[in-house]
Amino acid sequence: MAETQVAHAELVEEYTQANPRSHAAFERATKALPGGLTHDVRAFIPFLPYIERAQGAHKWDLDGHKYVDYALGHGALILGHAHPAVVEAVARQVGLMTHPGANHLLEVEWATRIESVVPGAEMVRFTSSGTEATLLALRLARAATGRPKILKFQGHFHGWHDAVMPGQAPPWDQVPVGVSPAVARETVVVPATLDAAEAALRDDPEIGTVILEPSGASWGTLALPEGFLTGLRALTSARGVILVMDEVITGFRWAPGGASQKYGIRGDLVTLAKILAGGLPGGAVAGRRDLLEPISLPGGSRRKVVHPGTFNANPVSAAAGIACLDLVRDPALQARCDRLAADLREGMNEVLRRRGIRGIVYGDSSTFHLAFDSGLEPGEPHSRSALSAESLKRQRGLPLFGALSLAMLLEGVHIFALGGFLSAAHTEQDVAGTVDRFDRTVGRIEGLLPKSS
Ligand code: PMP
């Protein structure tokens with residue numbers, strides 16, 4: 001295809017023409033669902049494709065287009081779509097039972113597998129999502145310390161319940177619409193620096209819990225400063241503050257035992273979801289026995305922590321989770337995904353360097369992120385330190401990112417939230433093909449991107 005400069009509007013037109021069935025589905029959806037969507041992250045101009053089926057690293061939409069998928073179930077599908085072991089386990093379990101209304105063996109098997117790989121996972125309690133996992137972790141932590149407030153970091157995402165909503169996006173001190181101001185007051189938000197964390201803990205003795213993404217904000221979009229995790233562990237231990245490692249994304253991806261294992265940092269509690277349940281809904285809180293045990297106290301007890309949930313450890317998710325964890329416990333799997341991601345990042349950076357675009361592709365483990373900024377050196381990921389939480393969160397709304405994602409879809413590549421995840425199902429050919437398509441895409445929208453002078 002000739003490298004022409006096309007405006008976003010032309011891309012929208014071309015894409016809409018090419019996707020009549022998805023377009024019709026979206027028109028119907030806008031009448032039935034707010035914004036036509038079921039997750040805020042899918043807000044997209046003009047609309048994301050409607051996916052009909054998926055296999056391995058690929059998925060197909062209603063109009064017959066095939067995509068290399070880097071959204072991968074929002075990071076849940078480290079084995080790729082429809083892995084035979086997961087499909088078989090789920091199919092078998094659906095026929096046996098989907099809800100026993102009693103105990104079942106799979107919940108024990110599932111917990112045992114978590115405890116065997118996640119550092120510090122002495123016990124496990126299952127939930128239905130990552131949001132529920134962080135909700136429960138904070139409740140357990142408050143129960144233990146008797147201190148109501150939590151400390152979190154700018155840009156770190158922990159789901160959508162009220163206590164973790166403040167500080168997800170700038171302006172950092174704004175209470176998100178609909179969130180209880182009383183709950184938001186108990187959440188202290190600071191930049192992810194040791195000085196800020198130390199000052200907050202020193203100045204406010206009501207803070208009893210610290211929660212963070214051990215990858216840095218939004219699965220490593222913004223890296224943590226050198227020594228931050230070790231320093232934070234020391235700070236929290238010294239003050240009797242509970243440290244919650246939110247490993248909803250990093251769990252089983254950064255290493256079999258997640259970021260805790262990779263970085264050698266043990267949280268008091270670890271929250272898990274996504275890969276945990278093999279691509280089905282599910283979450284868990286794992287960690288210190290003394291922190292989880294108050295759930296087991298009798299109803300009348302003053303120290304009892306209440307935690308019901310109809311679908312906690314539902315057997316279908318448990319079956320998928322067990323099948324998945326049996327495969328991801330082998331570190332060769334993460335090593336392969338990491339290698340593919342490194343190749344992809346390098347290939348994309350080479351495109352940016354060659355074309356003189358002030359942008360970088362960076363990331364840790366098996367992820368990648370894109371950033372464009374006039375302050376960046378083309379394709380030099382070390383210049384990532386020039387990125388601030390404000391600039392990153394803000395740039396997501398810029399038209400160039402909509403155009404980039406859209407042009408990539410037209411090339412048959414689905415990137416996710418300006419980045420993506422690699423899986424064991426991706427191949428070297430997928431990666432090389434993506435780099436070629438990225439090259440054509442950047443050529444197409446070059447006029448929208450910051451260039452070196
Ligand atoms: N914590 C982190 C670090 C996450 O990335 C997410 C979701 N992306 C959540 C919590 C919430 O998980 P869920 O979407 O399963 O509620």
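Values reported hereafter were calculated over all heavy atoms of this structure, with side chains retained and with hydrogens, waters and symmetry mates removed. In each ligand, atom 1 is the first atom listed, and ligand 1 is the first ligand listed. Remember, it's a predicted structure, so these values are computed and weren't measured experimentally.
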(message) If I take atom CD1 from residue I211 and atom CG from residue L269, how far apart are they, to the nearest 0.5 angstrom?
(response) 9.5 Å

(request) Enter the distance from Y67:OH to L48:CG here, rounded to the nearest 0.5 Å. (result) 9.0 Å

(request) Using a strict cut-off of under 4.0 Å between a residue heavy atom and any atom of ligand 1, list the qualifying protein residues by chain and number. (result) S129, G130, T131, F157, H158, G159, E213, D246, V248, I249, K274

(message) With a 6.0 Å cut-off on the ring centroids, do H382 and Y362 count as close?
(response) no

(message) Aromatic contact between H58 and H81, with the criterion being ring centroids under 6.0 Å apart: yes or no?
(response) no

(request) Classify the side-chain pair H65/D61 by whether it contains a donor and acceptor separated by less than 3.5 Å. (result) yes

(message) Between R233 and D268 (salt bridge meaning N to carboxylate O under 4.0 Å), is one present in this structure?
(response) yes

